[in-house]
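Working notes for the structure below.
Quick caveat: nothing in here was measured; it's all calculated off a predicted structure.
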Amino acid sequence: MKNKQVSNVTKPVSLITLSDSSSPVSEQYRTIRTNIQFSITDRNLKTLVVTSSGPGEGKSTTSANLAVVFAKSGMKVLLVDADMRKPTVAKTFNLMNHTGLSTLLAEGGTVLSNYTQSTLMDNLDVMTSGTKPPNPSEMLGSRRMQEAMELMKQHYDLVIFDMPPIVAVTDAQIMSSVVDGTILVVREGVSNKKAVQKAAQLLDMANANVLGAIYNGAERSSDQGYYYYYGTDK
């Protein structure tokens with residue numbers, strides 16, 4: 001199958017779990033949430049990375065909608081836009097992006113609420129990417145990032161990091177090595193087989209705890225948009 005062209009322009013992603021919580025797609029997100037919870041019954045998962053092998057595969061859509069369904073379950077959730085190169089979270093939630101992750105790390109802030117923003121939804125806060133820095137990878141691998149993550153874990157039940165594609169830059173590999181779990185998003189008609197294999201190799205090299213992959217974009221019928229499969233095999 002010929003791969004689809006992917007635009008370089010970032011756009012807000014669809015929050016289907018908010019706009020139509022009874023849709024089959026929203027139900028699939030809730031299934032993914034349940035499967036994640038089952039897969040970590042004996043572990044305390046508080047930090048989660050969502051990435052993909054390449055652009056346009058649905059990682060930001062997945063990150064945002066997972067944040068919504070986890071928040072709806074009663075967990076206090078922070079969605080962090082850690083894709084400081086092509087951020088989308090501020091656009092998705094219609095928020096300002098003057099402060100966020102990059103400013104937190106640059107300033108060494110210790111008051112987390114100065115860098116987070118509330119959403120219209122209970123239990124869900126957002127940390128946008130902040131001003132675009134020249135060195136995202138170095139910032140994510142810094143001691144300040146470790147300190148910031150500990151701060152986030154003190155205030156939230158679950159922190160979800162929306163990362164850049166792992167094959168393109170090292171950001172997701174760096175973060176996957178320090179968080180509790182990683183999910184790889186794959187999209188029908190967009191993902192390249194060799195790139196997905198490379199992504200799996202990079203996650204393995206980082207000793208990432210890969211919880212599974214989400215297969216995104218497979219059409220079941222003409223009136224149903226997305227179908228997600230969640231597996232636990234590494």
Problem - Close side-chain approach of Phe161 to Val50, heavy-atom, < 4.5 Å - result: no

Problem - Residues Ser129 and Asn97: side-chain donor-acceptor under 3.5 angstrom - result: yes

Handout entry: Salt bridge Glu150-Lys153, side-chain N to carboxylate O under 4.0 Å
Key = yes

Problem - Validation row: Val126, Thr128 side chains within 4.5 angstrom (heavy atoms) - result: yes

Anything under 3.5 Å between a donor and an acceptor, one on a side chain of residues 108-118, the other on a protein residue two or more places apart or in another chain? List them.
| residue | atom | partner | partner atom | Å |
| --- | --- | --- | --- | --- |
| Tyr115 | OH | Glu107 | OE1 | 2.6 |
| Gln117 | NE2 | Met96 | O | 2.8 |

Practice task
With side-chain contact (heavy atoms from CB on, under 4.5 Å) as the test, would you mind laying out the steps for Ile16 and Ser23 before giving the verdict?
Solution key: CA-CA 8 Å; Ile16 185 70; Ser23 71; 3.6 Å; yes

Exercise for the section: Would you mind reporting whether Tyr156 and Val77 have side-chain heavy atoms less than 4.5 Å apart? Expected result: no

Practice task
Would you check if the side chain of Ser21 reaches a backbone N or O of Thr17 as a donor-acceptor pair within less than 3.5 Å?
Solution key: no

Problem - Residues Ser137 and Thr170: side-chain donor-acceptor under 3.5 angstrom - result: yes

Exercise for the section: In plain terms, say whether Asp122 and Lys72 are close enough for a salt bridge, that is, a side-chain N and a carboxylate O under 4.0 Å apart. Expected result: no

Exercise for the section: Among Gln201, Gln173, Met175, find the one that has a side-chain contact (heavy atoms from CB on, under 4.5 Å) with Ile166. Expected result: Gln173

Handout entry: Flag if over 12 foreign heavy atoms under 6.0 Å of NZ, Lys198
Key = no

Handout entry: Passing option when Met127 is tested against Thr99, Leu101, Asp81, Val89 for side-chain contact (heavy atoms from CB on, under 4.5 Å)
Key = Leu101

Problem - Reported CG-to-CZ distance for the pair Leu124 and Phe70, which is rounded to 0.5 angstrom - result: 12.5 Å

Problem - Single-linkage hydrophobic cluster, 4.5 Å side-chain cutoff, Met163 and Leu211 together - result: no

